[in-house]
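Step one of this worksheet: look at the structure below.
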Amino acid sequence: MSAAISEEQWEAAAAAIRGALTPGAQVLLACHVNPDGDALGSMLGFAQGLRQLGVTGLQCSFPGPLTVPEPLQMPGLSYLVPEEEAHEKPDLFLTFDAASVTRLGKLAHRLDTATVSVVLDHHASNSGFGRFSLVDPNAAATSLVAARLLQRLGVTFDREIAECLYIALVTDTGSFKFDLTTPEVHELAARLVATGINVGGISRRIFDTRSFGAVRLFGEVLGRAELDPAAARGLGMVTAVATIEDLRRHEQPPYVMEALIDSIRCTAEADVACLLKQMGEQEWAVSLRSKGGSDVSKVAVALGGGGHRLAAGFTGRGDAADVIREVRERLT
Ligand code: AMP
Ligand code: MN
Ligand code: MN
């Protein structure tokens with residue numbers, strides 16, 4: 001187990017949680033805006049673990065509209081409440097996969113109003129908020145941190161908890177392919193799979209299912225991709241831009257754009273992949289990936305975002321060409 005979180009930190013957080021779980025306690029769990037598999041999976045898996053411990057006043061939330069993309073449907077969605085309905089002064093507040101308070105939107109002020117707050121995360125760029133901060137930058141996913149804490153609290157992984165934690169693990173490790181896919185990752189996966197979850201079905205739903213409209217949309221966006229061999233100190237950068245008009249033309253929801261980054265980051269001639277997903281007029285959710293030659297989290301943090309050395313993101317404003325130029329200028 002990584003030493004990023006000391007035994008004292010684990011025990012202090014676990015003791016604070018046990019202390020907060022009095023009968024009738026209000027417990028709020030939150031994850032980052034526009035949640036991915038790790039954010040949702042670790043939060044909903046943890047919520048079901050707390051339910052096993054007898055907690056009843058459970059709520060889960062994230063900023064923005066409460067829509068969960070089809071591939072990320074999982075057990076525990078019934079705990080989700082819109083941010084406006086979340087407990088104002090919870091006895092216990094836990095956050096998942098959020099590297100900064102801004103990623104929690106309006107839910108963030110519970111860090112001040114909650115009696116106890118515990119932050120579970122794995123971003124090196126985590127700004128260190130929350131009364132109890134459990135951040136392990138060597139963990140491949142926040143679900144590893146969540147699983148360790150659940151175990152310490154005496155929760156046994158049932159099939160529903162396992163499905164959530166497995167979805168979290170499989171998305172953030174790219175199906176056990178990325179760096180940080182340690183023996184502990186596989187050991188946790190083995191324990192989760194042993195509960196009887198449908199591994200093949202989960203993988204098909206998350207990675208291998210796409211509507212025909214999305215297939216056509218991918219073809220067009222990839223057809224416009226550009227390669228800049230001189231960028232990133234000559235290591236190369238590949239860029240692609242997906243617009244709202246692309247989505248409209250193919251009648252697709254915004255989440256289908258998330259998988260596009262995996263289709264461009266395989267480009268052999270580029271260390272860096274940069275995908276712009278249009279959110280509004282002059283507004284882009286930017287995904288950055290490196291194969292190892294560049295620290296894209298530095299670029300993302302400099303542009304107001306965050307992430308990991310090899311996978312990061314930020315919100316870009318202006319014309320697509322300007323946003324790409326800003327990224328290029330920082331890849332030095
Ligand atoms: P994505 O490209 O959306 O898959 O995100 C890759 C990584 O960057 C994840 O670890 C995210 O938490 C992080 N990230 C993405 N967008 C942002 C943002 N706007 N602000 C902070 N971190 C971000
Ligand atoms: Mn995430
Ligand atoms: Mn994560």
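Computation of the quantities below employed the complete heavy-atom set of this structure, encompassing side-chain atoms and omitting hydrogens, waters and symmetry-equivalent molecules. Note that ligands are numbered from 1 as they come in the structure, with each ligand's atoms numbered from 1 the same way. It should be emphasised that the depicted structure is a prediction, and the values quoted were computed from it without experimental measurement.
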To the nearest 0.5 Å, what is the distance between CD on Gln48 and CE on Met74?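 It is 9.5 Å, given to the nearest 0.5 Å.
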Rounded to the nearest 0.5 Å, how far apart are OG of Ser143 and CG of Leu192?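 Here the rounded value is 8.0 Å.
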Residue-atom pairs from the protein, N, O or S only, that lie under 2.8 Å from the Mn ion (ligand 3):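 The answer, once waters are left aside, is Asp38 OD2, Asp97 OD1, His122 NE2, Asp172 OD2.
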Decide whether an N or O pair under 3.5 Å exists between His308 and ligand 1.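 Yes.
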Examine His123 against ligand 1 and note whether any of their N/O atoms are separated by less than 3.5 Å.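 Yes: some nitrogen or oxygen of His123 is under 3.5 Å from one in ligand 1.
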For the hydrophobic clusters of this structure (ILVMFWY residues joined by side-chain heavy atoms under 4.5 Å, transitively), does one cluster hold both Leu28 and Leu134?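 Different clusters: Leu28 never reaches Leu134 through Ile, Leu, Val, Met, Phe, Trp or Tyr contacts under 4.5 Å.
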Say whether Leu92 and Leu80 are linked into one hydrophobic cluster, either directly or through other cluster members, by side-chain heavy-atom distances under 4.5 angstrom.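 Result: yes, single cluster for both.
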Test your reading of the model: is there a side-chain donor-acceptor pair from Asn126 to the backbone of Gly128, 3.5 Å cut-off?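 Checking the backbone N and O of Gly128 against the side chain of Asn126, a donor-acceptor pair under 3.5 Å is found.
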Any donor-acceptor pair under 3.5 Å from Ser211 side chain to Ala214 backbone: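 Yes; judged by distance alone, with no hydrogens or angles, the pair exists.
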For Gly307, take its heavy atoms, then give the atoms of ligand 1 lying under 4.0 Å from any of them.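 Checking each atom against Gly307, I get 8 (O), 13 (C).
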Show me which atoms of ligand 1 lie under 4.0 Å from any heavy atom of Gly305.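 Answer for ligand 1: 20 (N), 21 (C).
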Regarding Cys31, does it place an N, O or S atom less than 2.8 Å from the Mn ion (ligand 2)?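 It does not: Cys31 brings no N, O or S atom closer than 2.8 Å to the Mn ion (ligand 2).
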Looking only at protein heavy atoms, identify the closest one to [atom] and say how far it is in Å.
{"atom": "atom 6 (C) of ligand 1", "value": "Arg289 NH1, 3.6 Å"}
{"atom": "atom 11 (C) of ligand 1", "value": "Arg103 NH2, 3.8 Å"}
{"atom": "atom 13 (C) of ligand 1", "value": "Gly306 O, 3.5 Å"}
{"atom": "atom 15 (C) of ligand 1", "value": "Gly313 CA, 3.4 Å"}

Have a look at Pro35, Ser287, Gly304, Ala300 and point out the one with the heavy atom closest to atom 3 (O) of ligand 1.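 The residue whose heavy atom sits nearest atom 3 (O) of ligand 1 is Ser287.
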Residue pair Ser294, Asp271: steps toward the side-chain hydrogen bond (donor to acceptor under 3.5 Å, both in side chains) verdict: CA-CA 7 Å; Ser294 315; Asp271 178 59; 2.8 Å; yes
Taking side chain to side chain contact (heavy atoms under 4.5 Å, CB included) as the criterion, tell me which of Leu50, Ile17, Thr22 meets it with Val55.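 It is Leu50; the other options fail the test.
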So, His122 and Asp136: side-chain donor and acceptor under 3.5 Å apart, yes or no?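 Result is no, nothing qualifies.
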Is the His123 ring parallel, tilted or perpendicular to the His308 ring (thresholds 30°, 60°)?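 Parallel: the ring planes of His123 and His308 meet at under 30°.
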List the steps and the verdict of salt bridge (charged side-chain N to carboxylate O under 4.0 Å, His left out) for Arg131 and Asp112. CA-CA 9 Å; Arg131 172 71 186 79; Asp112 300 319; over 6 Å; no
Is Ala311 near ligand 1, meaning one of its heavy atoms is under 4.0 Å from it?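 Under 4.0 Å: yes for Ala311.
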